[in-house]
Amino acid sequence: MPENKSDHITYRNLVHNQISPYIVFKGWWHQILVETLSYGIQWPWVGRWIRHSFAAVCTALSRLRRRGDYRGLYTLLINALLGSAFRHRKTYLWWYLMRFAVAVAQERQINWMVRDFILEDNLILMGTLGPKPWVGYDVAYAFVGFSLWLFERGDIQGAVNMIQISVQADETWGYPEYLYGWYGLFTPGIDSVTHFSRAVQIDWSFFQRMKLDKTCSQHPELLREVQKRTLVSK
């Protein structure tokens, strides 16, 4: 799963936070108004208008998650992602919602061993058709999630394609480079040393992770070369 980083919100923080960092309430009255409106977000006509409010969408999502209503949560998320409210303006909000969708799916997979392959396929499809530019941590996080899902299904090439997008989306996050290098241990044509070295140059803790990884430990020559390259670069 995606790694911790001081300036990046982890998936645990993301799914447990009740309010998006992009939401700024103008006062207590504004917060109460948004909370009230969020209860009507699934209504046939007025709900379509309310779903244009990012604050109302996030408030409703938080409430649905606290209740454990994942069906309602993903119905709302899919509607918001398919709609035009955030796709054509402030696209970073669209990617925040996609990242939230991936994070909750990861949480259910990690904590309760619950996987929904149809949901994963829908999120992957929507993500690959998502608004551009594909830049930023939210984008990188989403494509890391897509990549891991595909790898777990045995689709190595699909996983590699997704991780390539993640690497380009956020060059300050070392985990996509680490994962790219790790995939190279299972498939030809990937320079694992180069990608592992880039990850370690971004965050030295990835070298310790390599030493603890059972697969990496089977390639001591790889560990030595990564250490050599990163020490020389420093």
Next item on the list: Flag the pair Val114 / Gln109 as yes when at least one side-chain heavy-atom distance between them is below 4.5 Å, and no otherwise.
Entry: no
Next item on the list: Test side-chain contact (heavy atoms from CB on, under 4.5 Å) on Leu76 and Leu64 and set out the steps.
Entry: CA-CA 9 Å; Leu76 176 55; Leu64 291 167; 4.2 Å; yes
Item checked: Side chain to side chain, Tyr175 and Val144, heavy atoms closer than 4.5 Å -> yes
Margin query: Donor-acceptor check, side chain of Trp95 to backbone of Pro131, threshold 3.5 angstrom: yes or no?
Written below: yes
Next item on the list: With sequence neighbours excluded, tell me which residues meet ring pair (Phe, Tyr, Trp, His ring centres under 6.0 Å) with Phe146.
Entry: Phe143
Note to self: Within the 3.5 Å criterion, strictly below it, is a donor on Tyr180 or Thr194 matched to an acceptor on the partner's side chain?
What the structure shows: no
Notebook entry, point to check: When you look at Leu77 and Met98, which way does the side-chain contact (heavy atoms from CB on, under 4.5 Å) test go after all the steps?
Noted result: CA-CA 8 Å; Leu77 271 172; Met98 174 58 76; over 6 Å; no
Check: So, the side chain of Ser38 versus the backbone of Ala56: is there a donor-acceptor pair under 3.5 Å, distance only?
Finding: no
Check: Roughly how far apart are Phe207 CZ and Tyr178 OH, rounded to 0.5 Å?
Finding: 11.0 Å
Checklist line | Check: Gly184 main-chain N/O paired with Thr187 side-chain donor or acceptor under 3.5 Å | finding: no
Next item on the list: Under the side-chain hydrogen bond (donor to acceptor under 3.5 Å, both in side chains) rule, collect the residues that match up with Asp155, sequence neighbours excluded.
Entry: none
Next item on the list: Among residues two or more places apart or on two chains, list those pairs meeting salt bridge (Lys or Arg N to Asp or Glu O under 4.0 Å) that have a residue in residues 181-190.
Entry: none
Note to self: Quick check for you: to the nearest 0.5 Å, what is the distance between Leu81 atom CG and Asn122 atom CG?
What the structure shows: 10.5 Å
Next item on the list: Taking the side chain as every heavy atom from C-beta outward, state whether Ile41 and Leu37 have any atom pair closer than 4.5 Å.
Entry: no
Check: Parallel, tilted or perpendicular: which fits the ring planes of Tyr96 and Phe54, with parallel below 30° and perpendicular above 60°?
Finding: perpendicular
Next item on the list: Can you run down the side-chain hydrogen bond (donor to acceptor under 3.5 Å, both in side chains) pairs that involve residues 77-87, sequence neighbours left out, and say none if there aren't any?
Entry: none
Next item on the list: Enter the distance from Leu61:CG to Leu97:CG here, rounded to the nearest 0.5 Å.
Entry: 6.5 Å
Notebook entry, point to check: Sequence neighbours excluded, which residues qualify as ring pair (Phe, Tyr, Trp, His ring centres under 6.0 Å) partners of Tyr74?
Noted result: none
Check: Which class fits the ring pair Tyr141 and Tyr137: parallel under 30°, tilted 30 to 60°, perpendicular over 60°?
Finding: perpendicular
Next item on the list: Find out whether Phe100 and Cys58 are in side-chain contact, i.e. whether some heavy atom of one side chain is under 4.5 Å from a heavy atom of the other.
Entry: no
Item checked: Residue pair Leu148, Leu179: steps toward the side-chain contact (heavy atoms from CB on, under 4.5 Å) verdict -> CA-CA 9 Å; Leu148 287 169; Leu179 196 56; 3.8 Å; yes
Margin query: For a quick check under 3.5 Å, do Tyr183 and Gln157 share a side-chain donor-acceptor pair by atom type?
Written below: no
Notebook entry, point to check: Can you pull the salt bridge (Lys or Arg N to Asp or Glu O under 4.0 Å) pairs that have at least one residue in residues 68-84, sequence neighbours excluded?
Noted result: none
Note to self: So, taking the atom named CG in Asp170 and the one named CD1 in Ile165, what distance separates them when rounded to the nearest 0.5 Å?
What the structure shows: 14.5 Å
Checklist line | Ala199 to Gly174 - nearest heavy-atom pair and separation | finding: CB-O, 3.4 Å
Checklist line | Set of residues satisfying salt bridge (Lys or Arg N to Asp or Glu O under 4.0 Å) with respect to Arg198, sequence neighbours excluded | finding: Glu177
Next item on the list: Nearest 0.5 Å please: distance from the CD1 atom of Ile156 over to the CG atom of Asn161.
Entry: 11.5 Å
Note to self: Under the rule for side-chain hydrogen bond (donor to acceptor under 3.5 Å, both in side chains), what residues qualify as partners of Arg153, not counting sequence neighbours?
What the structure shows: Glu120, Asp121
Item checked: Residues in side-chain hydrogen bond (donor to acceptor under 3.5 Å, both in side chains) contact with Glu171, at least two apart in sequence or another chain -> none
Checklist line | Beyond-backbone contact of Arg209 with Ser205, side-chain heavy atoms, under 4.5 angstrom | finding: no
Next item on the list: Please examine the side chains of Trp149 and Leu123, heavy atoms only from C-beta on, and report whether any two atoms are closer than 4.5 Å.
Entry: yes
Margin query: With a 4.5 Å cut-off on side-chain heavy atoms, are Gln227 and Val200 touching?
Written below: no
Check: With a cut-off of under 6.0 Å to the ring centre and 45° to the axis, is Arg65 in cation-pi contact with Tyr70?
Finding: no
Next item on the list: Would you indicate whether the side-chain heavy atoms of Phe86 and Tyr92 approach each other to under 4.5 Å?
Entry: no
Checklist line | Residues forming a salt bridge (Lys or Arg N to Asp or Glu O under 4.0 Å) with Arg51, sequence neighbours excluded | finding: none
Margin query: Check whether Trp173 reaches the backbone of Ala169 with its side chain - one donor and one acceptor, N or O, closer than 3.5 Å.
Written below: no
Next item on the list: Consider only side-chain N and O atoms of Thr59 and Arg63, and report whether a donor and an acceptor are under 3.5 Å apart.
Entry: no
Check: Who pairs with Asp213 by side-chain hydrogen bond (donor to acceptor under 3.5 Å, both in side chains), at least two apart in sequence or on another chain?
Finding: Trp182
Note to self: Please report the interatomic distance CD1(Ile190) to CG(Leu185), rounded to the nearest 0.5 Å.
What the structure shows: 9.0 Å
Item checked: salt bridge (Lys or Arg N to Asp or Glu O under 4.0 Å) contacts in which one or both residues fall within residues 134-143, not counting sequence neighbours -> Arg99-Asp138
